[in-house]
Amino acid sequence: MARVQLDRVRKAYDNGFVAVHDASFDIPDGEFVVLVGPSGCGKSTTLRMIAGLESITSGTLSIGERVVNDVPPKDRDIAMVFQNYALYPHMDVFDNMAFGLKLRHFPKAEIEERVRRAAGILGLDGVLDRKPKALSGGQRQRVALGRAIVRKPSVFLFDEPLSNLDAKLRVQTRTEISKLHKQLGTTMVYVTHDQVEAMTMGDRIVVLKDGHVQQIAPPLDLYDRPVNTFVAGFIGSPAMNFLPATADGVSLQVGALSLPLPAWAADARGAVELGVRPEDFFVAGRAPGSRRVSDPLTATVEVLEPMGHEVVLYAVLAGGERIVARVEPQQLPNPGESVSLAVDLDKLHLFDEEGATMRRGAALA
């Protein structure tokens, strides 16, 4: 196991494009950290620099107590699981998992013990004699995991390992990876564009945009206290609603509706952006008694998506702003009709004109 430290790590290419701008964060020994962001944000490039598959333009990268900027990948004591399984089709599961150990001339008995142990952890005991073509997608991904486990590395690196799986297998495999982390206690760095994976798997999440680290925090802190509109809109599904508003230090004017300004935003003046998560809307008169809600806000229903345990409601406010609400299963107006919604006043988010949060205590890291 090992600590991973990035100190102002930068990656620039010969054409002048900068993929990662001075990334600095510390991953303690045994932590599961997820790098998340949209396509092109620099998350995979950051992972590949940790792995040694991309050179570092400037800054310092350490694994354990050793600076590894110029250390070859094979000498970094890491194991990487890729998006594609990269299994040898002519080898059975046992030999695929054992191949790296054989190349390093491990004793036969130790190879046997390591492969059998990893197979037991991953539920592959019964398929060790099968070729990859006889396995399901989930089993192939577990073989790729097993090949990494037998190495007993200090750090596991995962580059979008679930993107080739169907929805059901993604859920199952991400649970297996989380259980694997608890069993092994090894440092893990995981890259994904899927914020649901990030929220459900990571001890902490690093959110990136255009090569810049936006925020580093545990999942619920990230969700409840985003530092800016990008993080607020990226984390959460459906995404947070953003509504133009005007503050005067006492109240918040949102179209025709006046909301009391939260105490933490008492110095807010002028144009601001109000953020409301979909689950913080309620059909007027249907909010739990424990919630402190606003006066009704009238909207026109566009689309209803019944999900069984909830209804996702798409609507348009009088000012033309589109909103998304997640409400309890209930009888709702038809598309084209009006609905009255109330907002949870204790769950408001406010952002200034630059998109930065106005809530105190929302720190970068």
Side-chain angles (χ1 to χ4, degrees), residues 1-2 4 30 32-35 44 47-54 63 68 71-166 169-170 172-192 197 201:
M1 295 186 287
V4 178
F32 193 133
V33 163
V34 180
L35 309 183
S44 288
L47 192 79
R48 290 173 64 83
M49 287 193 286
I50 296 173
L53 302 177
E54 290 274 4
I63 298 177
V68 296
V71 175
K74 66 183 179 65
D75 297 325
R76 294 193 179 196
D77 195 19
I78 57 98
M80 191 159 179
V81 180
F82 295 92
Q83 180 176 344
N84 58 343
Y85 317 126
L87 303 179
Y88 297 103
H90 64 288
M91 294 183 185
D92 61 22
V93 169
F94 185 98
D95 287 335
N96 263 286
M97 291 171 65
F99 185 70
L101 301 181
K102 290 177 179 178
L103 283 181
R104 291 168 176 79
H105 305 294
F106 275 72
K108 187 175 180 180
E110 185 172 355
I111 292 175
E112 180 85 18
E113 186 275 329
R114 288 195 183 196
V115 171
R116 297 283 176 188
R117 180 175 179 273
I121 290 172
L122 296 168
L124 295 171
D125 310 73
V127 298
L128 288 174
D129 59 346
R130 293 188 195 174
K131 299 285 179 60
K133 66 181 180 181
L135 303 177
S136 68
Q139 287 173 322
R140 292 178 196 176
Q141 189 61 76
R142 278 184 276 158
V143 174
L145 285 170
R147 187 173 51 194
I149 292 170
V150 297
R151 294 267 312 277
K152 295 185 178 178
S154 296
V155 181
F156 282 99
L157 305 177
F158 297 88
D159 190 6
E160 304 210 40
L162 308 185
S163 29
N164 289 332
L165 303 180
D166 62 39
L169 273 178
R170 286 174 74 101
Q172 179 185 331
T173 310
R174 81 181 184 219
T175 303
E176 288 173 355
I177 293 174
S178 296
K179 287 194 295 186
L180 181 65
H181 176 249
K182 289 179 173 61
Q183 282 180 279
L184 302 179
T186 308
T187 307
M188 293 186 176
V189 187
Y190 187 104
V191 160
T192 181
E197 274 180 32
M201 297 177 76

Working to the nearest 0.5 angstrom, can you tell me the gap between [X] [atom1] and [Y] [atom2]?
{"X": "L180", "Y": "T175", "atom1": "CG", "atom2": "OG1", "value": "12.0 Å"}
{"X": "L145", "Y": "T173", "atom1": "CG", "atom2": "OG1", "value": "8.0 Å"}
{"X": "L169", "Y": "Q139", "atom1": "CG", "atom2": "CD", "value": "9.0 Å"}
{"X": "L103", "Y": "H105", "atom1": "CG", "atom2": "NE2", "value": "7.5 Å"}
{"X": "I177", "Y": "M201", "atom1": "CD1", "atom2": "CE", "value": "4.5 Å"}
{"X": "M97", "Y": "I149", "atom1": "CE", "atom2": "CD1", "value": "7.0 Å"}

Query raised in the report: Without hydrogens or angle criteria, can the side chains of Y190 and E160 be said to hold a donor-acceptor pair below 3.5 Å?
Result: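 Distance-only check fails for Y190 and E160.
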
Donor-acceptor contact present, side-chain [X] to main-chain [Y], <3.5 Å:
{"X": "R104", "Y": "G100", "value": "yes"}
{"X": "T192", "Y": "E197", "value": "no"}
{"X": "R76", "Y": "V68", "value": "yes"}

Which atoms form the tightest heavy-atom contact between [X] and [Y], and what is the distance?
{"X": "I50", "Y": "I63", "value": "O-CD1, 3.9 Å"}
{"X": "V150", "Y": "A118", "value": "CG1-CB, 3.8 Å"}
{"X": "F106", "Y": "I111", "value": "O-CD1, 3.5 Å"}
{"X": "R147", "Y": "A86", "value": "NH1-O, 2.8 Å"}
{"X": "A148", "Y": "P153", "value": "O-CD, 3.5 Å"}
{"X": "T186", "Y": "S154", "value": "CG2-O, 3.3 Å"}

Are side-chain heavy atoms of [X] and [Y] found at a separation under 4.5 Å?
{"X": "F32", "Y": "T187", "answer": "no"}
{"X": "L53", "Y": "P73", "answer": "yes"}
{"X": "L47", "Y": "V189", "answer": "yes"}
{"X": "D159", "Y": "Q83", "answer": "no"}
{"X": "P161", "Y": "Q141", "answer": "yes"}

Query - salt bridge (charged side-chain N to carboxylate O under 4.0 Å, His left out): pairs with one or both residues in residues 173-187, sequence neighbours excluded - result: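 Found R142-E176.
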
Query raised in the report: How would you list all residue pairs meeting salt bridge (charged side-chain N to carboxylate O under 4.0 Å, His left out) that involve residues 79-97, not counting sequence neighbours?
Result: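 Counting only pairs at least two positions apart or across chains, the salt bridge (charged side-chain N to carboxylate O under 4.0 Å, His left out) contacts touching residues 79-97 are D95-K102.
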
Requested in this report: Could you tell me which residues satisfy side-chain contact (heavy atoms from CB on, under 4.5 Å) with D129, sequence neighbours excluded, listed by chain and number?
Outcome: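 Partners of D129 under the side-chain contact (heavy atoms from CB on, under 4.5 Å) test: none.
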
**Report entry** side-chain contact (heavy atoms from CB on, under 4.5 Å) against R140, all qualifying residues, sequence neighbours excluded
**Finding:**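 Residues passing side-chain contact (heavy atoms from CB on, under 4.5 Å) with R140: Y85, L87, L135.
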
**Report entry** Test side chain to side chain contact (heavy atoms under 4.5 Å, CB included) applied to D77 and V155, step by step
**Finding:** CA-CA 7 Å; D77 195 19; V155 181; over 6 Å; no

Query raised in the report: With sequence neighbours excluded, what pairs up with E54 under the side chain to side chain donor-acceptor pair (under 3.5 Å) test?
Result: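 Expected list: Y13.
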
Query - Mutual orientation of the aromatic rings belonging to H90 and Y88 [parallel < 30°, tilted 30-60°, perpendicular > 60°] - result: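 Answer is perpendicular, since the angle exceeds 60°.
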
Report task. Output every pair passing side-chain hydrogen bond (donor to acceptor under 3.5 Å, both in side chains) with a member in residues 114-128, not counting sequence neighbours, ordered by first then second residue. Result ->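 Of all non-adjacent pairs touching residues 114-128, those that pass side-chain hydrogen bond (donor to acceptor under 3.5 Å, both in side chains) are E110-R114, E112-R116.
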
